[in-house]
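Notes follow the structure.
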Number of protein chains: 2
Amino acid sequence: MSGVNIETIRYYEREGIIPLADRTPSGRRLYGDADIARLRFVKRCRDLGFSVPDIRTLLELSAGNGASCADVKALGERHLHGVRRKLDELGKLERALAELVRRCDTGRTDCPMLERLLADSDA
Amino acid sequence: MSGVNIETIRYYEREGIIPLADRTPSGRRLYGDADIARLRFVKRCRDLGFSVPDIRTLLELSAGNGASCADVKALGERHLHGVRRKLDELGKLERALAELVRRCDTGRTDCPMLERLLADSDA
DNA sequence: CTTGCTTCTGTAGCGGCTACAGAATGTATA
DNA sequence: TATACATTCTGTAGCCGCTACAGAAGCAAG
């Protein structure tokens, strides 16, 4: 119902980002609408790449007095900067890798890609 | 000399992607040019995002008979596809996150970002 | 000969799950 | 009702690629 794996839910419970679930008399966990909503919130945040500690903070802010939008925005921006940095690095990596693979196009016995990786220089 | 952290070198030794280093009589590791070159190779591969098992394969291929360029290329392409997939996902994530943060621009007491994350729908 | 730096080994921690084992409980069919 | 099968329970260990200790030992400089 939340789209979160059952093992992951229990992990979240251990981590304290969702409350200890109510139990049936035999000890099985029971979840209500509020629990499911919270799990969906957590899932959306995870899908956006927020860390578990960040999500904890977001949950605290959302439970807070209401004057927290600036804090939420700050956290979001910080995360966005991180994502952009990663995006940039991954782009560089992609170009380097594509260039390396491209050299292998002509059929030959020696391997330009390996040679390049094995070369002395860093250039 | 290789640019690889000393603890990481020992980890690589444990993982078997570099050979057990020679030792001084007192038991300290000694590295020659070949060891350093191998470490630099490993570092370049890691910087390109290859996994340790992939690097093991690349090292085996580079030590092989020479007819391995096609295999190297295949491994490189496979990795490149993975990188492009990640790049794509990260780009989507960046757009979604930027949109969420942008909504917070107007100063207000409620928080559009939190509201969106808390909303029932997945849209 | 002391001081302080580096290395040694072995082990545990990081994040965010995931995968078991083995017990118990629940549901569906015969 | 009996039986089979599925699901959940707890607790623990594994994944990746390091990184960070603790405590012992070696080594160079003053």
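None of the values given here were measured: they were computed from a predicted structure. The chains referred to below are lettered A, B, ... by the order of the sequence lines, with proteins before strands, and numbering in each begins at 1.
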Check your understanding: For the pair made of CG in B/Leu20 and P in C/dC8, what is the distance, rounded to whole Å?
Key -> 13 Å
Practice item. Check for a donor-acceptor pair, side chain of B/Arg44 on one end and backbone N or O of A/Ala119 on the other, with a separation under 3.5 Å. Key: yes
Check your understanding: In whole Å, what is the span from the CD1 atom of B/Ile18 to the C1' atom of D/dG17?
Key -> 14 Å
Practice item. Please report, rounded to the nearest Å, how far the P atom of D/dG26 is from the CD1 atom of B/Ile6. Key: 17 Å
Check your understanding: If you look at every heavy atom in A/Val42 and A/Leu59, which pair is closest and at what distance?
Key -> CG2-CD1, 4.3 Å
Exercise for review: Would you list the pairs meeting side-chain hydrogen bond (donor to acceptor under 3.5 Å, both in side chains) in which at least one residue belongs to residues 10-28 of chain A, sequence neighbours left out?
Suggested key: A/Glu13-A/Arg29, A/Thr24-A/Ser26
Check your understanding: Nearest-Å distance, CD (A/Glu13) to P (D/dT8)?
Key -> 14 Å
Check your understanding: B/Arg29 has an atom CZ; how far is it from atom C1' of C/dT6, in whole Å?
Key -> 13 Å
Practice item. Could you tell me the separation between the CG atom of B/Leu58 and the CG atom of A/Leu114, rounded to the nearest 0.5 Å? Key: 6.5 Å
Review point. Could you state the CZ-C1' distance from B/Arg56 to D/dG17, rounded to the nearest angstrom?
Key: 12 Å
Check your understanding: To the nearest angstrom, how far is A/Asp22 atom CG from D/dC9 atom P?
Key -> 13 Å
Exercise for review: Look at A/Arg95 together with A/Glu99 and state whether they make a salt bridge at an N to O cut-off of under 4.0 Å.
Suggested key: no
Check your understanding: Does A/Lys86 pair with A/Glu89 as a salt bridge, N-O distance under 4.0 Å?
Key -> no
Check your understanding: When you check every protein heavy atom under 4.0 Å of nucleotides 11-25 of chain C, what one-letter string (B, S, -) results, 5' to 3'?
Key -> -----BBBBB---BB
